[in-house]
Amino acid sequence: MSHCARTIVLLLVLLSGCASMSDLKPGDGRKLTIRDHDYPVIWRAALFVAEEHFDIHEQDIATGVILAYREASFVDVPAWIGIYITPPVPGAAEYIVEVVRRKAAFTIFVQPQPWERKVLRDLALSLEG
């Protein structure tokens, strides 16, 4: 295999590690259980935190889903972020907020920021005060 062909194959392998917004699904993210607040309060707090850190692409209060994007910076890689609140109805005994992050681009030079932890921490702080 020629040097040029090897370079193309390597680039394709590296690019295949990139995610898109459609790759965001609940199930393997970091979770927080909330018992002392109702759904509308949790939704507003989650939306506030998302707007502070990301560019929101979709938000649906009826399904409890916020999908967002984080631009690359000198200390972080670009990422897709999904915030999922279940159940998405008022009056539940408890709510689970799950944050899922997917890298939007491959890099070996910058370690991805732990947005899952940061979002849940900021959400908890927002609900406290």
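Every heavy atom of this structure was used, including side-chain atoms; hydrogens, water molecules and symmetry mates were not. Note that this is a predicted model, so its numbers are computed, not measured.
- Between Ala45 and Leu123, the closest heavy-atom pair is CB-CD1, 3.5 Å.
- Contact record, Gly64 with Pro88: N-CB, 3.7 Å, taken as the closest heavy-atom pair.
- Residues Phe48 and Leu127 share a single hydrophobic cluster, defined by chaining ILVMFWY side chains whose heavy atoms lie under 4.5 Å apart.
- Counting only residues at least two apart or in different chains, salt bridge (Lys or Arg N to Asp or Glu O under 4.0 Å) contacts with residues 27-55 comprise Asp28-Arg102, Arg35-Glu94.
- Considering CG of Leu47 and CD1 of Ile42, their distance stands at 13.5 Å, rounded to 0.5 Å.
- Going from atom OG1 of Thr33 over to atom OH of Tyr95 covers 13.0 Å, rounded to the nearest 0.5 Å.
- Once rounded to the nearest 0.5 Å, the distance linking NZ of Lys118 with CZ of Arg101 reads 10.5 Å.
- A distance of 8.0 Å separates CD1 in Ile85 from CD1 in Ile61, rounded to the nearest 0.5 Å.
- Atom CG in Leu32 sits 8.0 Å away from atom CD1 in Ile96 (nearest 0.5 Å).
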Walk me through whether His53 and Trp115 qualify under side chain to side chain contact (heavy atoms under 4.5 Å, CB included). CA-CA 9 Å; His53 296 294; Trp115 285 111; 3.4 Å; yes
What do the steps show when you test Leu125 against Val49 for side chain to side chain contact (heavy atoms under 4.5 Å, CB included), and what is the final call? CA-CA 10 Å; Leu125 290 172; Val49 170; over 6 Å; no
Given the rule in the side chain to side chain contact (heavy atoms under 4.5 Å, CB included) test, do Val89 and Tyr39 qualify, once you have shown the distances and angles that lead to the verdict? CA-CA 6 Å; Val89 295; Tyr39 181 69; 6.0 Å; no
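- Residues Leu67 and Tyr84 form a side-chain contact, since some pair of their non-hydrogen atoms from C-beta on lies under 4.5 Å apart.
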Apply side chain to side chain contact (heavy atoms under 4.5 Å, CB included) to Trp80 and His57, showing your working. CA-CA 10 Å; Trp80 290 104; His57 281 256; 3.9 Å; yes
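- In this structure, CZ on Arg121 lies 12.5 Å from OG on Ser126, to the nearest 0.5 angstrom.
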